[in-house]
Structures are given as C-alpha cells and as structure tokens.
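Each remark here refers to the structure printed beneath this line.
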Amino acid sequence: MNKNDLSESDICDKYIRPAMERAGWHGLDQIFREFPLRAGRVVVRGNKSHRDASTVLRADYALFHKPNIPLAVVEAKDNNHAVGAGMQQALRYAELLDVPFVFSSNGDGFVFRDATLSTGVLEQTLTLDQFPSPAELWARYCAWKGWSPEVQRVAAFDYSPSKTPRYYQLNAINRTVEAIASGQNRALLVMATGTGKTYTAFQIIWRLWKSGAKKRILFLADRNILIDQTMVNDFRPFKGAMAKLSPNAKGVERINAQGQIEVDDVDLAVDKTTKQVNKSYEIYLSLYQAVSGTEEEQNIYKQFSPDFFDLIVVDECHRGSANEDSAWRDILTYFASATHVGLTATPKETKDTSNTFYFGEPIYTYSLKQGIEDGFLAPYKVIRVDLDKDTFGWRPTAGMTDNKGQLIEDRVYTGRDMNRKLVLEPRDAVVAERITAYLKATDRMAKTIVFCEDIDHAARMRQALANANADLCATQPNYVVQITGDNPEGKRELDNFIDPEKPYPVIATTSKLMSTGVDAQTCKLIVLDQNIKSMTLFKQIIGRGTRLREDLGKSWFTILDFKRATELFADKDFDGEPVQIYEPKGDDPIAPPDDPLEVPLPGGGFPPVDGGPVLGDPLDPLGPFTGGGEPPIKYVLGNQVTVSVARERVQYLNAQGKLITESLRDYTRINLQKQYDSLDKFLQAWSDADRKAALLEELEKHGVLVDALAEEVAATGLTGLDPFDLLLHVAWNMPALTRRERARRVKKRNVFTQYGPVARKVLEALLDKYADEGIAAMESDEVLRVQPLNALGSPVELVKSFGGRAQYLAALQALERELYTASP
C-alpha cells in the first residue's frame, strides 16, 4: 500500500512508534498513546447537557521519563501532510502538560522542538532513526532545570500508585516537589474547589516522605470534616504512619445504613487522660484549633521540639494563616525551620492579609474557569429572584412595633438589612416557595444547600421549607435539615448529606458551616439568601456545586440567588462565568461546637471569618458587630407585611463566555444580521442546508441560542414556533408561523401523490412528528424506529416503500422544501 493511502493511525503504528522504540522508549511506562488532557467542556442547553467533542484534547503520544514525570509530546499526521504540520497543535498540548520537548511527524521523519535550547537550536528536522533516547531527553531536561543529582532523585521520585493524576495535578505536584527539593521553604498552590487539592497534597507528601526528603509531616486544616475526609480517603495509604492530633479526638464518625453512628478506626496521637502526644508517628493531621489556644497548656504543638516537623501543609490557607496574629501563624512560626506549603482555592489578598506575602507567588494556579473549560468541573446556571422589599425597600408606619412589641426604628430597610436588622417571616415563606417550585419543576431529590444570613435564619428557613414540602416531610423528617455549628443533630446528618448513596437529607440550611471543605459531590442547587461581599467567601460557596458526577446524573448545577450576590460575576477577580443567568418574571416557572465559624460568641456575633472581623462578612457595608456589649436589635415581623417577587429579566452568556447585557432578542438580531447581511442570504443558507439541525448547531456555536430565545419569545405568547420562523421573526420582524400551521399547509396542498400508499403514510407521519417536536426530530436517524412511524413497519420496510435509502432521503428533502415554501 502506498504511504499516502495510510491513515494517521497506520502512520503511528508503522513508523512513529517503531522509531521511538528503536531509540529506547518503553511502551509500558514511557509511551502513552492518546494521552488524555481535556475531558471536553460540558455544554448546558435547557435542562440537558452534553460534552462538546470539539473541546476534548488528547495528545497522540506523551513520553514520560517514568510514570507521571512527563517529558515530551508527539503529534502525528497522515502522510498527505507536511512533516511539521502538527507542530502548532502539539505546542498547545506541551503547554498544558508543562514539557519542553515537542515532536511533529507524518511518518517520514520528525520536526523536533527543544525549548531547553540545549544545542542552541529551537527546531530541527530529524530522520526516523534520529529520535532522541529517554536518557538524552532526561539529561537535557535536568540540565535545563539546573538540578543537582540529589534534586533529580527527589524531583523524579515515584508517585503513589493510588490513581493517575490529571494533567494539572501533575503540574502542581511536580512543580511543588521540584521547588522543595531545590530548597524552597514556602510554597502556595491555588486550585479551584473540586479539582483535587487534597489528592494533590497527598502525592506531594508521599513523594517527599518516601524519598526521605521530608521525614515528619504535619497537615493542618480548620474543619474536623476536612481532617476526617482526608484520613479515610486520599491519605488512606499512610495508614500505620499517620495519626490524628487532637486532645479530644475520636475516630472518624459516620452513620451506617441503620442510622447508627459508627467510628472508623484511625490512629489517635494524643492520650485522652494525660494529654501527652505520641511522637512515634511520621504524619500527623490536626485541626489547628485543637492544638493551639489561649492557655499555655492548650498549645499541644509545643510538646514537639521546634525542629520536629520537616514539612507543614496548610489546607484552606486563606482562612487564617495569612494574618500575622492568627493561631495558624503561631504554629508556623514555632515550626519555622520546616517547609510550609499552603493550599487554597481562593487566596486572600487585602491590605491587611496576604497569602502571597507569606507563601510567595503561587507555584501553580488552576482556576474555576479553566476547570469548567477543560470539562473537569460542572458549569452552572444562575436564576436571580428579586423580592420587592429587598429591591425597593420597606419603611415602617409611624409607631409600628414588631412581634415582640419593640418600636421599629423609622428608616428605609433594604436587602442588606433582611435577616440581620429586619426579619420578615412572609419573606421566608416566599423564598421557601420559590426553592420548592424549582425543585418540583426539576428534581425534588436534588441535593440543595441554602446559605442563610445566620443560624437563626437557617433555623427559620428549615421550618419554612418543611412547611413548603409538607407532603414529603410528613413521612421523611430529614428531607430538610439545619446543618449549623450549634446544631449537633443536624451536624450528624452532614455525612449523609454529602454521601452520594444516601437520599436524605435533600435540603440543608446553613450559614457558614458548609461554605468550605464540604465535598457535596451531588449538590445540584445552591441557594444564596445571604449578603455576600467577600469574593473569597463567594468563590468558596460556588465551589460547593462544582463537582462533576455524570455517573450519578450531575453534569451541571444551578444557583438560585435572592440577594444579587451573583453580581460578583462582574468583578475582575472572578474567573468562572455562568452559562446562563435567568430572572423569572412574576409567576414564571422557576424552573460542631469545635467549628469556629458557627459557634456564637458569649456577647453575640461570630468569630472571625477569612481573617476578618467578627460577624462573617468583613466587607459588608453595614459594618461588623464586634461581639462586645449588646447585640444589634433585630426586628421580627409576621403577617403585618407582605412580600412578593419584584423585577426580573433574563441574561445569558455569549459564545465567548461573556455576559450579554442587552436583551437576548436584540443580541440575536445583531448577531444573526452580522452573519447574514441580508434576509435573502439567510434564506439561501437555510435552503441549502441538507440537514436543518446541522445548521442550527452551527448557529449555536456562533452564539445564536435558539432554545433560550424560544423560551423568551414564548413569554409573549408565541409558542410552538419552528426555529426558522423564530429567527425570521426576531432578526427580520417577519410574521411567525407555528410548526402546526406549516404542517397543515403542506397537507392541504396534497403534494405527495406520486408516492405509494405506504410512503405517503410515512410522509404524513413525519409531518405529524415535525408538528409535535420540530425539524430536528423529523431529521433524526432514529425517527423511523419510534412512534408513530414504527407502527407502519420496520425501518427497512419503510425505506423500501420509497425505492431505497437515496429515494427516501430525497423525499425527506422534498418534504422540507414544501414545509418552508412561502405559498399557503
């Protein structure tokens, strides 16, 4: 066979792989064919989603020094392409995989790009027999990095075989291990929630520990659940060398299938009677509050010598370690000789607190936006609901008192006051009704987190939601639960809420407890009824929904926003825009005590969050309550006030991921008229399209959101429109025909008399299918297998009634011409 006739796959098998193997590359652990990089972005259309195949990325070959230490990528083309035709594509893969060596080949030879410039030449052409050996590329790589033999040994030490890292995890792990092996003593990793920070930390610790570079390690977090999840999941391979460091620690509690509390067996490092630490372990995990305190005897960490630990990893380091006077910093200062690594999804950078000031610039950053683009994180929609009293304000009448008889201060109360200064009980009922309406319209068993202003608000919302869902809660009392720091019964349900195999609880009301570190993999709805001005807190809350679990039916999630918190999307520091923002009109369908963040202080208020002042959000314009003296007055009103949904509008994202600020109709008209500068050109393009569904898919890629546009136009009373009529009406103000009208006109013209009786019945059934479901259903390859057509005969029999497949397709095109003809 002529080389030009070979496929790309044949070229790989017959020429490229043999050339690499002759150079000494081994197939089992060094040559990886079709190496996965990007999984493909999840595209959401209406209530359905799919992977965009055009965004899936795989390198034809990735070459590794040893497993998980990548060196090069190779891009192959068939022999009808030039030898360097794949270079630009390969460069993109090399950037993602963070490697300096790139090869392009068509089977005749290679174009080799060496970014290390080890020979002084960036790109050169090689014959098939000149492919460099693994030892040669590794030597160039190490020289380029400037590594000593000891750094080489540690930086290239084997990974744990627990599972294969994704490309960005490889980069984060390798860069951190390399930096520490080279003598860097502080490092910061920024990785979006849901991208595997804990697994990344595990691999970093594993390689440094196993190589002997770091012998004793302390892992710090600020939530018990973070420690517990870490010990029994990602860190499980450390069992035997790992212990939980806390004077009051128990094993890891979980609820079994019978509703009983069970305790997983984990090693505990502190004797409960003597409070003495067992120093024989090598890896310790601790809640930082558990080892430090105001009293000297509480500072358990001081039982260790200052040079005991070689490595300290601080999870969610935005929480407190950025503050110079924080407890975390006390621990880090005490163990100053150790290497300190910070992990966060949201680095804290203000004039008072800074992660980068302490840890330095991030070694690696992987953002929410990149995670969604790569297809590793779930995209999301936003539904905004503005309530009248929040939006337009409410002022009491003269002398008006609340439920407790307190005289209400005379001023205008707005959204920022709700549930902080003013409680409107009917407002709770409206919010609960809208949440319930959305779940009824989508999935009543969809895991939901409702973020409330404070614990009192979370308790009221639990009651309001229970009443709104009385039909379920009467028999399933845990359908709605309050999970806050003061509520031990609710906190015991947290494990059940985050367990994908447990159906209940479905709805959790909280304030701060679940804003970070809660791995709620199947959470499909996040409700915001909390004043949020902190970008750090906002990103953490959004992160509760970003896990992808397609195997369990979760490929995207929804944010239901009652506080316009999602306006933070416009902030320059936000890096992951929603796929849609929808604001329904009127009655439109709306489709532990050891936790420092939720335990009220003696004087009222809450401990610092994100290193800020007391009461949760340090940036709230109302100003923080410091917890001293009398708590602020909170007025509570019942049925004296009514609350309803106020103004609403619809916003979407365009094809470039930017928010459309004008109406969708205006945007569509402008966009469509740019693509087709006259009505005639659009009509010609429609007529020329063999499959109208294919043209609609192409238009969608250019930002024409047909389904969303149909929903908006339907609100004006125009329903059942063909996409053809919808676009003509919106872009060129043409009168719109419904699908049923178009189908009726075709039947009235009786244009299929040349076909036999069975073929005519098929065409009539296709017209009915079009009238009911649209052009895409009529054009589907499966249409002959479904009702009503399958009642007429098998697909083979139906095609034969036209004389064969070619004749059937010709008849289908003739039917489409008749559908879109101008004559009545």
Side-chain angles (χ1 to χ4, degrees), residues 8-35 37 58-77 79 82-87 89-159 164-165 167 170-171 173-175 177-178 181 207 211:
E8 180 181 303
S9 181
D10 290 333
I11 292 293
C12 288
D13 293 339
K14 294 177 180 293
Y15 297 96
I16 296 176
R17 189 181 188 98
M20 295 187 295
E21 290 176 341
R22 286 196 300 271
W25 295 87
H26 302 292
L28 291 178
D29 56 4
Q30 291 186 310
I31 303 174
F32 292 84
R33 181 84 165 96
E34 294 290 332
F35 186 79
L37 294 169
R58 296 185 183 91
D60 285 336
Y61 288 102
L63 302 183
F64 285 72
H65 168 65
K66 56 167 51 179
N68 298 318
I69 310 292
L71 288 180
V73 295
V74 182
E75 180 59 25
K77 297 295 179 185
N79 201 246
V83 66
M87 180 55 70
Q89 192 174 341
L91 287 172
R92 185 183 184 190
Y93 302 157
E95 182 180 11
L96 290 176
L97 205 50
D98 205 18
V99 295
F101 305 121
V102 183
F103 297 86
S104 173
S105 178
N106 66 352
D108 289 339
F110 297 92
V111 172
F112 172 38
R113 180 184 177 95
D114 179 0
T116 71
L117 295 176
S118 55
T119 63
V121 178
L122 179 62
E123 292 189 7
Q124 59 183 305
T125 302
L126 305 177
T127 68
L128 291 175
D129 292 327
Q130 290 178 313
F131 198 88
S133 69
E136 182 181 350
L137 289 191
W138 179 243
R140 292 188 187 192
Y141 186 85
C142 293
W144 176 56
K145 291 284 190 178
W147 288 349
S148 67
E150 175 60 17
V151 172
Q152 287 185 43
R153 185 188 69 82
V154 176
F157 202 84
D158 291 341
Y159 276 65
T164 302
Y167 84 85
L170 278 177
N171 294 339
I173 296 162
N174 290 341
R175 286 192 188 184
V177 171
E178 171 191 335
R207 291 174 64 195
S211 69

So Asp114 and Phe101, side chain to side chain contact (heavy atoms under 4.5 Å, CB included) or not? Walk me through it. CA-CA 5 Å; Asp114 179 0; Phe101 305 121; 3.1 Å; yes
Hey, what do you get for [atom1] ([X]) to [atom2] ([Y]), rounding to the nearest 0.5 Å?
{"X": "His65", "Y": "Cys142", "atom1": "NE2", "atom2": "SG", "answer": "7.0 Å"}
{"X": "Arg140", "Y": "Leu71", "atom1": "CZ", "atom2": "CG", "answer": "11.5 Å"}
{"X": "Glu34", "Y": "Ser9", "atom1": "CD", "atom2": "OG", "answer": "8.0 Å"}
{"X": "Asn171", "Y": "Asp98", "atom1": "CG", "atom2": "CG", "answer": "4.5 Å"}

Is there side-chain contact between [X] and [Y], with at least one heavy-atom pair below 4.5 Å?
{"X": "Glu21", "Y": "Ile31", "answer": "yes"}
{"X": "Asn79", "Y": "Ile11", "answer": "yes"}
{"X": "Val74", "Y": "Asp60", "answer": "no"}
{"X": "Trp144", "Y": "Ser118", "answer": "no"}
{"X": "Val102", "Y": "Met87", "answer": "yes"}
{"X": "Val154", "Y": "Val177", "answer": "yes"}

Which heavy-atom pair separates [X] from [Y] by the least distance, and what is that distance?
{"X": "Asn106", "Y": "Ala82", "result": "ND2-C, 3.7 Å"}
{"X": "Val73", "Y": "Leu97", "result": "CG1-CD2, 3.9 Å"}
{"X": "Gly86", "Y": "Ser104", "result": "N-OG, 3.0 Å"}
{"X": "Leu137", "Y": "Ala72", "result": "CD1-CB, 4.4 Å"}
{"X": "Gly84", "Y": "Val111", "result": "CA-CG2, 3.7 Å"}
{"X": "Gln30", "Y": "Pro134", "result": "NE2-CB, 3.7 Å"}

Please evaluate residues Gln130 and Phe112 with respect to the criterion side chain to side chain contact (heavy atoms under 4.5 Å, CB included), reporting the C-alpha separation (whole Å), side-chain torsions for both, the decisive distance (0.1 Å), and the verdict. CA-CA 10 Å; Gln130 290 178 313; Phe112 172 38; over 6 Å; no
With a 3.5 Å distance limit and no angle check, can you tell me whether [X] reaches the backbone of [Y] through a side-chain donor-acceptor pair?
{"X": "Arg207", "Y": "Ala155", "result": "yes"}
{"X": "Asn68", "Y": "Tyr159", "result": "no"}
{"X": "Asp29", "Y": "Lys66", "result": "no"}

Kindly determine whether Thr119 and Gln124 satisfy side chain to side chain contact (heavy atoms under 4.5 Å, CB included), including the steps that lead there. CA-CA 10 Å; Thr119 63; Gln124 59 183 305; 4.1 Å; yes
Check this for me, if you would: do Glu150 and Arg153 make a salt bridge, where the nitrogen-to-carboxylate-oxygen distance has to be below 4.0 angstrom? yes
Mind jotting down which residue pairs meet the salt bridge (charged side-chain N to carboxylate O under 4.0 Å, His left out) criterion with at least one end in residues 100-111? Sequence neighbours excluded, please. Lys3-Asp108
From the options Phe64, Tyr93, Tyr167, select the one residue that forms a ring pair (Phe, Tyr, Trp, His ring centres under 6.0 Å) with Phe35.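 Filter result, single survivor: Phe64.
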Phe131 ring center near Phe103 ring center (under 6.0 Å):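 Centroid separation for Phe131 and Phe103: below 6.0 Å.
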Glu95, CD: over 12 other non-hydrogen atoms inside 6.0 angstrom: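 No.
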Atom CZ of Arg175 with >12 non-hydrogen neighbours under 6.0 angstrom: yes
Tell me, with the steps shown, if Trp25 and Leu63 meet side chain to side chain contact (heavy atoms under 4.5 Å, CB included). CA-CA 8 Å; Trp25 295 87; Leu63 302 183; 3.7 Å; yes
